[in-house]
Novice: 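Structure provided below as C-alpha cells; questions to follow.
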2 protein chains.
Amino acid sequence: MDVLWAERSPLTAREVGRLIADRDLAPTTVMTVLDRLTRKGFLTRVRDGRAWRYEPAASRDAYIAELMLEALDMTGDRSAALTRFAQAVSGTEAEVLRKALTELEEE
Amino acid sequence: MDVLWAERSPLTAREVGRLIADRDLAPTTVMTVLDRLTRKGFLTRVRDGRAWRYEPAASRDAYIAELMLEALDMTGDRSAALTRFAQAVSGTEAEVLRKALTELEEE
DNA sequence: GGCGTAGTACTACGTCCCGTAGAGGGAGGG
DNA sequence: CCCTCCCTCTACGGGACGTAGTACTACGCC
C-alpha cells in the first residue's frame, strides 16, 4: 500500500495511477487508498484545480523511526529493549548507530 | 491480548484465567487466546497432566527488539532510518544505547 | 462404577482494517 | 448540451482479533 507511495518523494495526484499501471487497478482504488492514507495522517493533500495533490506527511525514514519508537513504547523496560536492540543489529548497522549517537552528542 | 500475558514471566496454565478475573472472561476465551498466541509462536506450551502450561517463547524485550528490526526492514535505506531513530530517542535513552553499543564493541 | 468437574479442541460470530471497486455528483471543454 | 475527468460515498470479500458456546475426555469422589 504505502510501499508504492512512500518511495517517490515528489508530490502527485492521480498520476499515481499511471505510475503503478502495472498493477492495473481501478482508478477509484488508487483514490480510495490515497484518501485513506490521508485520513490516517500518512499523506497530506493540497488542492490543484479539481484534483488533489498528495505528499507524504513525513519522510519514510521518519516514519520508520516512529514505528520503532512505537514498538519501544510497548514495553515496561525501555532500557532493556533498547539494549536488546543494540545487540541485535548487525555490526555495520551498529556502526551507523554509534556514529549517529556521537554526532548527536557533539551538537 | 499479550499485554496481560507477556508481563508475568512464570509459566502457568488456566490460572491465567484466575489472574485476570477482573475482566471476567469466559474460561474458553482465555484458552482460545493462549492457543492462538501459541500458534503464532508467541507462546510455548508443555503438557502438565491434562492441562497445558504456557510460557513466553521470547522475552518481552526480545520481542520488542524484533518488532523494531521488523520496522527497520521496511525501509530501503536502513542507515537513514537508524540515524533518524538515534536522533529521536531521548537523551537518557541515547545514553543507554551508547552504552549497549560500547559493551558490544568490547566483546 | 457412575457422575460431576476441569480441561481441551473445534467452531462461530461480531468487528475492524485493508485491498479492491462501483455508482453517483460537480466542473470544464468542445 | 453532452462528454470526460476527478472527486466522494458506499460496498464487498478476506483476514485478524476478541469473545464465547458446544462437544469430547479424563480424574476423582462417593
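Every chain is numbered from 1 and lettered A, B, ... according to where its sequence line falls, protein lines coming before strand lines. Every value quoted in this text rests on a predicted model; they were computed, and no experiment measured them.
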Novice: Would you say B:Asp48's side chain and B:Ala51's backbone share a donor-acceptor pair under 3.5 angstrom?
Specialist: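 It does not hold such a pair.
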Novice: What pairs of nitrogen or oxygen atoms, one from the protein and one from nucleotides 6-8 of chain D, lie under 3.5 Å apart?
Specialist:
residue : atom : partner : partner atom : Å
D:dC7   : OP1  : A:Trp52 : N            : 2.7
D:dC7   : O3'  : A:Trp52 : NE1          : 3.3
D:dT8   : OP1  : A:Trp52 : NE1          : 3.1
D:dT8   : OP2  : A:Arg45 : NH2          : 3.2

Novice: Would you mind reading off the distance between A:Lys40 atom NZ and C:dC16 atom C1', rounded to a whole angstrom?
Specialist: 12 Å
Novice: Side chains of B:Arg78 and B:Asp73, heavy atoms from C-beta outward: is any pair under 4.5 Å?
Specialist: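 Answer yes - side chains close enough.
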Novice: From the set D:dC17, C:dT20, D:dT19, return the single nucleotide nearest to any side-chain atom of A:Arg36.
Specialist: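 Taking heavy atoms from C-beta onward, the closest nucleotide is C:dT20.
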Novice: Kindly indicate whether the side chain of A:Phe85, heavy atoms from C-beta on, has any atom under 4.5 Å from the side chain of B:Leu67.
Specialist: no
Novice: Is a donor on one side and an acceptor on the other found under 3.5 Å between the side chain of A:Thr38 and the backbone of A:Leu34?
Specialist: yes
Novice: Atom CG of B:Leu25 and atom P of C:dG7: how far apart are they, to the nearest Å?
Specialist: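 Computing the B:Leu25:CG to C:dG7:P distance gives 16 Å.
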Novice: Less than 3.5 Å between a donor and an acceptor, one on the side chain of B:Arg23 and one on the base of D:dT19, is that the case here?
Specialist: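 Flag unset: no donor-acceptor pair detected.
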Novice: Check the distance between D:dT19's C1' and B:Asp24's CG and give it to me in whole angstrom.
Specialist: 12 Å
Novice: Distance check: side-chain N/O of A:Thr29 vs OP1/OP2 of C:dA21, anything under 4.0 Å?
Specialist: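 For C:dA21, OP1/OP2 do have a side-chain N/O of A:Thr29 under 4.0 Å.
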Novice: Please report, rounded to the nearest Å, how far the P atom of D:dA20 is from the CG atom of B:Leu34.
Specialist: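 Rounded to whole Å, this separation is 14 Å.
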Novice: Considering all heavy atoms of both residues, which atom of B:Val96 and which atom of A:Leu82 are nearest to each other, and what is their separation?
Specialist: CG1-CB, 4.2 Å
Novice: How many Å lie between CD1 on B:Ile20 and C1' on D:dT19, as a whole number?
Specialist: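 Rounded to whole Å, this separation is 12 Å.
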Novice: Would you tabulate the side-chain donor-acceptor contacts of residues 15-22 of chain B under 3.5 Å, counting partners in other chains and residues two or more places apart, or write 'none'?
Specialist:
residue : atom : partner : partner atom : Å
B:Glu15 : OE1  : B:Thr12 : OG1          : 3.3
B:Glu15 : OE2  : B:Arg53 : NH2          : 3.4

